*Asks:* 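Here it is, the structure, as structure tokens.
So that the names make sense, note that chain A is the first sequence line, chain B the second, and so on, each numbered from 1. These numbers were taken from a predicted model, which means no experiment stands behind them.
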Amino acid sequence: MRIHDTARGAIVPFEPGPIVTMYTCGITPYDATHIGHAATYVTYDILQRRLRDLGHETRCVRNVTDVDDDILRKARELGVHYLDLAAAETARFDSDMEALNVIECWSEPRATSAIADIRGFIGMVLDRGHAYLSGGSVYFDVNTFERFGQVSHYSHEEMVALARQHGGNPDDPNKRNQLDFVLWQPSADDEPSWESLWGPGRPGWHIECSALALRELDTTIDLHGGGSDLIFPHHECEAAQSEAATGQPFVRHWMHQAMVRMDGEKMSKSLGNLVFISELRKTWDTRAIRLGIVAHHYRNSWEWNDDIMPTAGARLADWLRVSTAADATDSVAALDAVRACLDDDLDTPGAVAAIDSAAAAGEGVASAAALLGVFLIGEPVR
RNA sequence: GGCGGCGUGGCCGAGUGGCUUAGGCAGCGCCCUGCAAAGGCGCGUACCCCAGUUCGACUCUGGGCGCCGCCUCCA
């Protein structure tokens, strides 16, 4: 199959071995799952389904960031322990994923489960001379890593300008380079803290993914994904610290999900312009929610509107009607068309259109829909 | 600035080489009606620009222009 690779900036062949190693950045569990999160994980779900259809075994790791600035702040506001908040929101997230029939992850590790791994990983980066201790924090030393920018393709000057423009802190006096980022940092008084060789503290934002990908999968993984808002700095920093630590390539293929918008702006927790999966579930068949998502291409930003669910619901009804009829015949042509579309950079809108055509001709489309994770007959497969 | 996406008639919006001027709204004309509305019938207008591929491009390729989105809280 062919998939767009962010680092290479082109649609290129994706031809992994029998076992496919995938890592997807998961959520920070301090609020409910919205349609943008769902779009991301449904995309990787469909990729996994097609890879399995082709005979591969897929091992997808999706972390849970249960300790970072956001969740600590929210827990402080609510007056609850951050791990209690994380556990509750993670359970809601998993419930939403199950409802949407997203394939269970091969592993779904929590950041706090990996403190020992993170400390070890930071040690590897320090031993290879790519990090330094300053002002109580451990910083990644960008000056020692020439390839910084390999994923996002920014120049040094652009990255500095962006950091300043977006309220970053490039002028932190403890940094040797304005783009250096934290691997380990001191905790505030009311924040969780772990012992380390560099003093008590907690992990930086990016380090958990690098440590977990190495612990759970391999030095080099086949595919790494997440929302396009994570390309820089998150994935750029991940790649840098992982390759600095191991001396090997980190990721063969980078895949990013475009943002879902609402009211003209990116749907995000900070803006509050959200459509929650838990709300949609009250009204709609979860299969229709999935259809509302896959009607859009993963690389194309799209806007949520009130017509999406009625359209998706009607489509689901059509597919069910032709596929559950007593004399229904399952369309092999539709299945083949869906396979061809998915192999072309996960063209789910094309796949949906192909199924629509078959359904309009009165053919059963259960097998074709199942490849999109929509089960019209029988028990769902996760 | 980088990356991604898009650019269809007044507006919205399908359509991945060769009757399509899909469809919807608006508009115009007619029918129906005491008048009007609703309804019915009919009409009109397009494919951002420039090259290229081709027998032929709205549809493919390259370039340009324009618009939108993302870019250290963020899937």
*Asks:* Can you tell me, in whole Å, how much space there is between the P of rC49(B) and that of rC58(B)?
*Replies:*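 To the nearest whole Å, 10 Å.
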*Asks:* Nearest to the side chain of N300(A), which nucleotide is it out of rA75(B), rC73(B), rG5(B)?
*Replies:*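 From the listed options, rG5(B) comes nearest.
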*Asks:* Taking the six-membered ring for Trp, are F14(A) and H253(A) parallel (under 30°), tilted (30 to 60°) or perpendicular (over 60°)?
*Replies:*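 If you compare the ring of F14(A) with that of H253(A), the planes turn out perpendicular.
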*Asks:* Distance between the P atoms of rG66(B) and rA38(B), in whole angstroms?
*Replies:*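 Nearest-Å result for rG66(B) against rA38(B) at atom P: 43 Å.
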*Asks:* Does anything in residues 40-80 of chain A pair up under ring-ring contact (aromatic ring centres under 6.0 Å, His included), and if so which pairs, sequence neighbours excluded?
*Replies:*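 For residues 40-80 of chain A, and leaving out neighbouring residues, the ring-ring contact (aromatic ring centres under 6.0 Å, His included) pairs sorted by first residue read Y41(A)-F93(A).
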*Asks:* Using the side chain to side chain contact (heavy atoms under 4.5 Å, CB included) criterion, which residues pair with E265(A)? Sequence neighbours excluded.
*Replies:*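 By the side chain to side chain contact (heavy atoms under 4.5 Å, CB included) rule, E265(A) matches L271(A), N273(A).
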*Asks:* Quickly work out the W254(A) CH2 to rA75(B) P distance and round it to whole Å.
*Replies:*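 The answer, rounded to whole Å, is 16 Å.
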*Asks:* Please give, in whole Å, the distance from rC74(B) P to Q257(A) CD?
*Replies:*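 Rounded to the whole Å, the gap is 17 Å.
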*Asks:* Could you tell me whether G36(A) contacts a base, only the sugar-phosphate backbone, or nothing, with contacts defined as non-hydrogen atoms closer than 4.0 Å?
*Replies:*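 Here G36(A) touches the bases of the nucleic acid.
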*Asks:* Just say parallel, tilted or perpendicular for the rings of F145(A) and H130(A), cut-offs at 30° and 60°.
*Replies:*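 F145(A) vs H130(A) ring planes: perpendicular.
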*Asks:* Return no unless some side-chain N or O of R299(A) is found under 4.0 Å from OP1 or OP2 of rG4(B).
*Replies:*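 So the side chain of R299(A) is outside the cut-off, no N or O lying under 4.0 Å from OP1 or OP2 of rG4(B).
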*Asks:* For T6(A), report the nucleic acid contact type (base, sugar-phosphate, nothing); a contact means any heavy atom under 4.0 Å.
*Replies:*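 Nothing: the residue T6(A), judged by heavy atoms under 4.0 Å, touches no strand.
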*Asks:* Answer with base, sugar-phosphate or nothing: what part of the nucleic acid does H34(A) contact at a heavy-atom distance below 4.0 Å?
*Replies:*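 Touches a base.
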*Asks:* Taking only residues two or more places apart in sequence, or in another chain, which ones meet S134(A) in a side chain to side chain contact (heavy atoms under 4.5 Å, CB included)?
*Replies:*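 S134(A) satisfies side chain to side chain contact (heavy atoms under 4.5 Å, CB included) with Y132(A), Y139(A), N174(A) once adjacent residues are dropped.
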*Asks:* Just checking F181(A): base, sugar-phosphate only, or nothing, at a heavy-atom cut-off of under 4.0 Å?
*Replies:*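 Since no nucleic acid heavy atom lies under 4.0 Å of F181(A), the category is nothing.
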*Asks:* Measure the distance from CG on L47(A) to P on rA75(B) and round it to the nearest whole Å.
*Replies:*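 In whole Å, rA75(B) P lies 20 Å from L47(A) CG.
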*Asks:* Provide, to the nearest angstrom, the distance between the CG atom belonging to D356(A) and the C1' atom belonging to rG15(B).
*Replies:*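 Spelled out: CG on D356(A) to C1' on rG15(B) is 14 Å.
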*Asks:* Let's test your reading of the pairing rules: Watson-Crick or G-U wobble, both distances under 3.5 Å, then write RNA chain B as a dot-bracket string with ( ), [ ], | and dots.
*Replies:* (((((((..(((.(...[.)..))).(((((.......)))))....(((((..]....))))))))))))....
*Asks:* Figure out the CH2/C1' separation between W302(A) and rA75(B), and round it to whole Å.
*Replies:*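 So the two atoms are 12 Å apart, to the nearest Å.
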*Asks:* Does the distance from a Lys or Arg side-chain N to an Asp or Glu carboxylate O, for D318(A) and R315(A), drop under 4.0 Å?
*Replies:*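 Salt bridge: no.
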*Asks:* Rounded off to whole Å, could you give me the NE2-to-C1' distance for the H256(A) and rG2(B) pair?
*Replies:*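 The answer, rounded to whole Å, is 14 Å.
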*Asks:* Are the charged groups of R50(A) and D45(A) less than 4.0 angstrom apart, N to O?
*Replies:*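 Between D45(A) and R50(A) there is no salt bridge, as every charged N stays at least 4.0 Å from the carboxylate O atoms.
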*Asks:* If I take atom CE in residue M267(A) and atom C1' in nucleotide rC73(B), what distance separates them, rounded to the nearest angstrom?
*Replies:*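 Rounded to whole Å, this separation is 17 Å.
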*Asks:* State yes or no: are the ring centers of H235(A) and H256(A) separated by less than 6.0 Å?
*Replies:*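 Yes, the ring of H235(A) comes within the 6.0 Å limit of the ring of H256(A), centre to centre.
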*Asks:* Looking across every strand, which nucleic acid part, if any, lies under 4.0 Å from G225(A) by heavy atom: base, sugar-phosphate, or nothing?
*Replies:*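 Nothing, no nucleic acid heavy atom in range.
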*Asks:* So which one's nearest nucleotide on RNA chain B is more toward 5', I231(A) or S268(A)?
*Replies:*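 Result of the comparison: I231(A).
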*Asks:* Which part of the nucleic acid, if any, lies within contact of G9(A), taking any heavy atom under 4.0 Å across all strands shown: a base, the sugar-phosphate backbone alone, or nothing?
*Replies:*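 If one applies the 4.0 Å heavy-atom cut-off, G9(A) turns out to touch the sugar-phosphate alone, with no base involved.
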*Asks:* Please give the remaining members of the hydrophobic cluster of Y23(A), linking ILVMFWY side chains under 4.5 Å, ordered by chain and number.
*Replies:*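 Its cluster mates, by chain and number, are V61(A), W106(A), V151(A), L212(A), L217(A), I221(A), I231(A), F250(A), V251(A), W254(A).
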*Asks:* Please list, for nucleotides 62-70 of chain B, all pairs of protein and nucleotide N/O atoms separated by less than 3.5 Å.
*Replies:*
residue	atom	partner	partner atom	Å
rC70(B)	OP1	K266(A)	N	3.2

*Asks:* Tell me if a side-chain donor or acceptor on K74(A) pairs with a main-chain N or O of Y30(A) at a distance below 3.5 Å.
*Replies:*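 Yes.
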*Asks:* Tell me the interatomic distance from H153(A), atom NE2, to rG2(B), atom P, rounded to whole angstroms.
*Replies:*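 After rounding, the gap between these two atoms is 13 Å.
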